[in-house]
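All values reported here derive from a predicted model rather than from experimental measurement. Throughout, a chain's letter reflects where its sequence line sits, starting with A, and its residues are numbered from 1. Just so you know, these numbers use all the heavy atoms, side chains as well, and skip hydrogens, waters and symmetry mates.
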There are 2 protein chains.
Amino acid sequence: MADMRNGEAGASALELFNSITTQGELVRSLKAQKASKEEIDSAVKMLLSLKMSYKAALGEDYKADCPPGSTAPDGSSETNGTDSNEDFVDPWTVRTSSAKGVDYDKLIVQFGSSKIDKELINRIERATGQRPHRFLRRGIFFSHRDMNQVLDAYENRKPFYLYTGRGPSSEAMHVGHLIPFIFTKWLQDVFDVPLVVQMSDDEKYLWKDLTVEQVYGYTLENVKDIIACGFDVNKTFIFSDLDYMGMSPGFYKNVVKIQKHVTFNQVKGIFGFSDSDCIGKISFPAIQAAPSFSSSFPQIFHNRTDVQCLIPCAIDQDPYFRMTRDVAPRIGYPKPALLHSTFFPALQGAQTKMSASDPNSSIFLTDTAKQIKTKVNKHAFSGGRDTIEEHRQFGGNCDVDVSFMYLTFFLEDDDKLEQIRKDYSSGAMLTGELKKTLIEVLQPLIAEHQARRKEVTDEMVKEFMTPRKLSFHFQCFCFDT
Amino acid sequence: MADMRNGEAGASALELFNSITTQGELVRSLKAQKASKEEIDSAVKMLLSLKMSYKAALGEDYKADCPPGSTAPDGSSETNGTDSNEDFVDPWTVRTSSAKGVDYDKLIVQFGSSKIDKELINRIERATGQRPHRFLRRGIFFSHRDMNQVLDAYENRKPFYLYTGRGPSSEAMHVGHLIPFIFTKWLQDVFDVPLVVQMSDDEKYLWKDLTVEQVYGYTLENVKDIIACGFDVNKTFIFSDLDYMGMSPGFYKNVVKIQKHVTFNQVKGIFGFSDSDCIGKISFPAIQAAPSFSSSFPQIFHNRTDVQCLIPCAIDQDPYFRMTRDVAPRIGYPKPALLHSTFFPALQGAQTKMSASDPNSSIFLTDTAKQIKTKVNKHAFSGGRDTIEEHRQFGGNCDVDVSFMYLTFFLEDDDKLEQIRKDYSSGAMLTGELKKTLIEVLQPLIAEHQARRKEVTDEMVKEFMTPRKLSFHFQCFCFDT
């Protein structure tokens with residue numbers, strides 16, 4: 001699991017088109033053979049999911065007999081669809097031409113998820129008795145699947161659990177990587193539920209030019225940063241795939257169950273795999289899917305298979321869980337619910353990509369106060385005007401200003417943030433002042449993280465990563481009867 | 001792992017042709033890009049392996065720009081190559097038109113393995129100080145890869161281990177299923193080496209319409225039959241994939257390493273998978289491959305990664321291990337050596353298939369003495385003549401007579417077997433007498449097996465299936481230094 005991984009390949013438009021055609025034929029043939037309703041329904045769902053991916057990739061509906069770019073006889077068909085103003089989002093590629101970043105309202109329509117609206121936020125507040133996290137108040141977690149179902153269950157004293165993860169591709173984590181963990185910690189605190197965190201070191205081994213030992217080393221380093229976010233050891237299990245697969249009586253069985261119910265055609269359509277991809281990549285989606293089912297953690301859920309899972313993650317991970325939700329009813333498990341976040345922008349602007357190999361593309365968790373100051377002053381893309389005079393007259397543009405965007409993520413005080421927005425937009429606040437505010441927010445945030453990380457011992461890492469019982473709310477109600 | 005599994009699909013000739021074309025392009029492109037020697041070598045090896053599969057399937061060399069059946073414009077191209085007198089062998093399909101069965105000498109050439117000749121058999125005898133097993137004396141184990149290398153090491157007091165397996169697709173095992181186990185037990189006894197036995201219940205779950213619980217149940221039943229073959233509990237570890245994957249710190253890591261180094265194009269070429277196969281089938285070959293590496297069993301080999309593996313199996317399993325041998329040097333492990341057996345013929349004749357669902361196609365390990373008698377008398381294909389007079393005059397044909405074939409597998413006495421061959425061929429022995437001899441060999445053999453199986457307790461099953469240390473020859477030499 002990783003947000004905005006550097007992409008080897010996205011599904012080409014033509015491959016997606018062909019997958020849809022094939023899946024359509026399958027549906028017709030199942031109907032002709034009078035196959036079971038369940039089988040037909042499942043094939044139809046996959047067809048709809050592929051069509052959704054197609055629309056997300058090309059910004060237009062799939063039309064049979066009209067392959068992508070068929071109006072462009074020069075052979076440049078595959079990029080035509082995505083070169084337009086449409087955004088493209090999958091686990092490896094996030095592409096937008098707008099400095100404001102991806103159009104998230106459109107993404108909700110394309111992905112078929114639901115908007116986190118005021119009503120849902122109010123309901124979370126009522127259920128937990130806590131003020132909603134700033135990520136909810138500000139639309140950073142903006143989309144969901146089945147969150148109302150989780151709340152229905154919670155209000156009926158039925159438990160759920162949280163699942164999130166990270167692909168450890170290097171030792172270095174940046175502030176953007178913290179977003180899902182900061183929010184997940186809040187969810188754990190307010191709902192009092194267990195959390196499982198997948199370190200998909202196997203994925204990073206498969207995708208990158210790294211050894212098993214290297215990715216496992218990155219896992220241990222990254223786990224320290226995750227623990228430093230403040231998770232409760234009594235309610236949190238962090239696992240390396242490479243380790244846990246060999247320690248759990250439930251995990252592999254679920255992986256195989258998922259793998260039996262997903263074809264190569266399907267992962268080709270969803271993830272854009274090709275025939276020259278290794279078989280590890282092709283079967284990996286089942287490994288990211290399996291922790292969505294409580295029976296993957298018999299030590300936590302006492303072999304119960306029906307505890308619902310809630311997954312907070314960046315929206316680019318949704319394809320994995322669309323696939324998981326398709327498979328779930330066919331193997332007798334509840335579908336996981338999801339909370340989707342927007343992307344964390346690179347310092348250079350919301351349409352560029354952060355990269356662990358470019359230290360100037362983000363603020364890293366290892367940066368010194370001085371580095372933070374220099375990076376923000378030098379690299380944070382500014383929505384200000386070319387001269388002070390122009391700025392004072394016309395004001396800055398918060399919609400494209402990266403310093404302002406970062407403040408929406410990290411400045412807790414709503415009133416202060418609103419004041420900054422007004423002042424910067426009117427020209428009353430200059431770019432230097434805005435950047436100074438951000439620097440003063442980030443410096444203590446990073447310093448405190450570093451201090452907490454320093455306190456994380458190897459023994460604590462070991463404890464978090466040991467399969468064991470976890471304590472949580474409703475536990476008596478559910479497991480001791 | 002299974003001998004002569006009922007096939008969903010063999011690679012179509014055209015698919016194989018296309019895979020070779022793609023792989024050829026890859027090699028050219030790697031050379032053009034001046035890729036590393038290692039990378040090019042590995043791609044070239046895979047190309048040769050695909051060409052070998054092509055030749056095995058079509059009986060003719062791959063020719064670029066000349067797709068299979070291109071001389072047959074009627075569209076029947078895909079079967080043209082295999083409808084001839086050529087045999088076809090892969091893990092799911094064994095096809096021959098000859099009542100004598102597959103032409104094994106041709107298969108050695110097609111697969112690129114080596115014949116087990118008199119010289120090798122003599123060397124085994126010298127190394128072990130034991131008379132060679134009747135399966136060696138009679139060419140039932142007829143082909144090998146790198147057996148001389150295993151013997152070199154053995155003579156230098158370096159250890160090796162045995163690996164064989166079974167796909168538990170039903171409770172019922174027949175005598176044919178015992179062949180690899182009988183021979184493996186002999187190898188274990190004469191070389192004094194550890195043995196690992198893979199029960200690929202995950203494979204059966206993926207391929208068949210069975211639940212995880214069903215295949216695991218079949219595993220436990222089949223393990224009892226395997227234990228009844230007489231394996232030494234101090235030297236034998238039997239494991240269910242579904243169980244052991246979740247118990248071993250080494251197995252999954254090796255599976256992922258293999259999965260990183262095999263592409264979909266390659267498994268398509270080797271095993272004939274298609275885009276509509278589930279991702280579990282596509283990645284399964286890595287799971288059958290992984291026990292070929294000693295680091296999959298750290299509890300047995302003390303984390304050593306260089307203990308050579310010797311795999312006795314039916315020749316149809318060779319494609320899995322050709323793939324394994326291609327991958328081994330790229331992940332730093334020794335290639336497994338192999339000993340290949342011929343197929344055990346169905347009662348109806350060597351060109352038909354045994355089937356667990358047809359009780360009359362073989363002798364089952366649960367058959368009563370009466371059932372054995374009836375089956376042999378009624379169903380064993382006879383090489384005898386239509387009338388006693390003709391038989392006395394012209395003699396019977398041992399080459400196609402199934403009762404005689406079964407005797408070559410189970411009658412220990414060479415002289416007696418030779419006498420029977422002579423007498424039946426000359427007409428001195430009648431079909432009824434030949435069948436009676438076989439019945440008198442099979443009845444006690446099955447009865448003794450049943451008696452030993454009855455002695456196998458659930459506790460013994462548990463002991464054989466518990467990951468633990470094993471004792472073996474050269475142990476001190478190798479592991480305590």
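With a 4.5 Å cut-off on side-chain heavy atoms, A/D277 and B/T263 do not count as touching. Looking at A/M245 and B/F251, their side chains never come closer than 4.5 Å, going by heavy atoms from C-beta outward. Taking 4.5 Å as the limit, every side-chain heavy atom of A/Y252 sits out of range of all side-chain heavy atoms of B/V255.
Using a 4.5 Å cut-off between heavy atoms, A/V262 contacts chain B through both its backbone and its side chain. With a threshold of 4.5 angstrom between heavy atoms, B/S283 approaches chain A through its backbone and through its side chain. Within the 4.5 angstrom heavy-atom criterion, atoms from both the backbone and the side chain of B/V256 approach chain A.
Residue B/Q214 places its CD atom among more than 12 non-hydrogen atoms of other residues, nucleotides or ligands, all under 6.0 Å distant. The number of heavy-atom neighbours closer than 6.0 Å to CD of B/E213, taken from other residues, nucleotides and ligands shown, is above 12. Remark: A/E221 CD is packed, more than 12 non-hydrogen atoms of other residues, nucleotides or ligands lying under 6.0 Å away.
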Q: Please step through side chain to side chain contact (heavy atoms under 4.5 Å, CB included) for the pair B/D243 and A/K253, ending with a clear verdict.
A: CA-CA 8 Å; B/D243 259 1; A/K253 289 191 184 95; 3.9 Å; yes
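Minimum heavy-atom separation, A/A286 to B/I279: CB-CD1, 4.4 Å. Contact record, B/L206 with A/Q259: CD2-C, 4.3 Å, taken as the closest heavy-atom pair.
For the set A/C278, A/S248, A/G280, the count of heavy-atom pairs under 4.5 angstrom toward chain B peaks at A/C278.
A donor-acceptor pair under 3.5 Å is formed between the side chain of B/K260 and the backbone N or O of A/Y205.
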